Amino acid sequence: MAKLKKNVTVRTHNRRVAVSSKNPAGTTVVDQHIRHLSGTFLDPEIIQEITESYPLKGVTIPTADDLGCPDGNKYDKQIAIWADYFAKKFKEQPAIHSNIIKALIGSESSFEADPSGNKVASGIAQITKPTFKALLAADGEAKEFIFRKVRQKDLKNPDIAIPMGIRWLYVKQKLAKHKLGRWPSPEELILEYKGMLKSQTKFKDKALKNFRKKYATLQN
Amino acid sequence: MRLFKTNFYIFISLFTGTSCATSSFQIKNSTEHRVELLVTPDRLALECEAIPDGDWPGMYGFMIHILDDQKTVTTVAQTNVLDEEGCYDRLNRITKILKRGHQIYIGGMGSLVEPRIVEKWQHHFPGWGTYSENGRSLQFIVISNEHGECYGAYNGPTPPCSAGQFPINK
């Protein structure tokens, strides 16, 4: 069966616009660009619609353990919905269990929606600026499925940050496979997300142990 | 400060030489997921560890190494990656908290029930000596002194410095 096209190239063309001093002829030239087809991108409006209407039957909800954090169970529904959504979207990749995502978020932000004191990363999933750009870029690492109309400050909203973080996990899963020659384990995936898959530092050891404990707690 | 391009430690040695008489390490409270410690500053070493083999340049990890009552080292780490500026900013702020305090409260996520093992990493505590990590670690949430000065891993320096799971007592 032919593969469905996820985006199309729109060739350079003229567009009618209101006559103005800048455009006295009433036309402007639109440069060649990529248009993502419906179902290959998310924007805040679509995210909200999906969050509110996603059927929860058959969806794996993360284990209801707050891991000691005041908001530890607050985002279980969003985690479950987007874990399921992207697992179905990227069927060719191993599904990332909602408990892996919950443990990751616990280790990144302790479930604080807007953690302070880190200029290089924002929000509950601690998405960095380069990652944010990549998630929006039509020609970047995440080009198969991108986000649109999302601003950097929207990362402080877990409703936006959680799907972006999970999408990035699927990008990282592929990158880790390329590095390892096989699909990564949950621990390797989390290290790749944190940018430390190949690191030999003490800090990597501590971050890994922390994730391992949280994940084991949720899985038991 | 920025002359140090690799790992950098700050040792708090207010009790150097007389540390045995005044030093203490106490697990104040412990639940399934949380540990509260009360320690004297001489048992603490702060570290910003550079991660040169990370995916992007300028990655740093922040850690507090604690000499326990068995002369082994437990590490409390902020488990999200920081940049150099962010890491040293918290290291400097916490250093001030330690210098002004005699009883330091540390709140961390995790548990300290695993059997101690001897890890390859060692840390030096002036007045005490050099000791190995014990394989135990916590996720850093908050630190404060008896004056109520505090710093939270995800909430910064504004009291109560944590989301409420660790009450800071003045």
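Quick note on labels: first sequence line is chain A, next is B, and so on, each numbered from 1. Side chains included, hydrogens not; waters and symmetry mates left out as well; all remaining heavy atoms used. What you see is a predicted model, and the numbers here were worked out from it, not measured in a lab.
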#### Entry: Cationic N near anionic O, under 4.0 Å, A:K179 to A:E192
yes
### Message
When you measure from the side chain of A:K206 to the backbone of B:G61, do you find a donor-acceptor pair of N or O atoms at a distance under 3.5 Å?
### Response
no
### Query
Where along residues 66-74 of chain B does a heavy atom come under 4.5 Å of chain A, listed by residue number?
none
### Query
By a 4.5 Å heavy-atom criterion (distance strictly below it), what part of B:E119 contacts chain A: side chain, backbone, both, or neither?
side chain
### Query
Is the shortest distance from a Lys or Arg side-chain nitrogen in A:E188 or A:R182 to a carboxylate oxygen in the other one below 4.0 Å?
yes
### Query
Does any heavy atom of chain A fall under 4.5 Å from the side chain of B:A163, the backbone, both, or neither of them?
both
### Message
For a quick test of reading the model, state the closest non-hydrogen atom pair linking A:G165 to A:Y193 and the distance between them.
### Response
O-CE1, 3.7 Å
### Message
Regarding B:E114 and A:K213, does a basic nitrogen lie under 4.0 Å from an acidic carboxylate oxygen?
### Response
yes
#### Entry: Donor-acceptor contact below 3.5 Å, side chain B:H123 vs main chain B:Y131
no
### Task
With a 4.5 Å cut-off on heavy-atom pairs, point out which of B:R90, B:H33, B:M59, B:M109 contacts chain A the most.
B:H33
### Message
Using ring centroids (six-membered ring only for Trp), state whether A:F145 and A:Y170 fall under 6.0 Å.
### Response
no
### Summary
Highest number of heavy-atom pairs under 4.5 Å with chain B among A:P115, A:S110, A:G68 belongs to A:G68
### Task
Using non-hydrogen atoms and a 4.5 Å limit, figure out which bit of A:E112 sits close to chain B: side chain, backbone, both or neither.
side chain
## Note on the structure
Max heavy-atom pairs within cutoff under 4.5 Å with chain B, candidates A:D205, A:L208, A:D114, A:D66, goes to A:D205
### Query
Are any side-chain N or O atoms of A:K143 and backbone N or O atoms of A:L135, one a donor and one an acceptor, separated by less than 3.5 Å?
no
### Query
So among B:V113, B:V35, B:L112, which one has a side chain to side chain contact (heavy atoms under 4.5 Å, CB included) with B:R136?
B:L112
### Task
Below 4.5 Å from any heavy atom of chain B, which atoms of A:K194 appear? Answer side chain, backbone, both or neither.
both
### Task
Heavy atoms only, distances under 4.5 angstrom: which of B:N155, B:L138, B:T75 has the most pairs with chain A? Name it, please.
B:N155
### Query
By a 4.5 Å heavy-atom criterion (distance strictly below it), what part of A:D65 contacts chain B: side chain, backbone, both, or neither?
side chain
## Note on the structure
Scanning both residues in full, the closest heavy-atom pair of A:A80 with A:P62 reads CB-CD, 3.9 Å
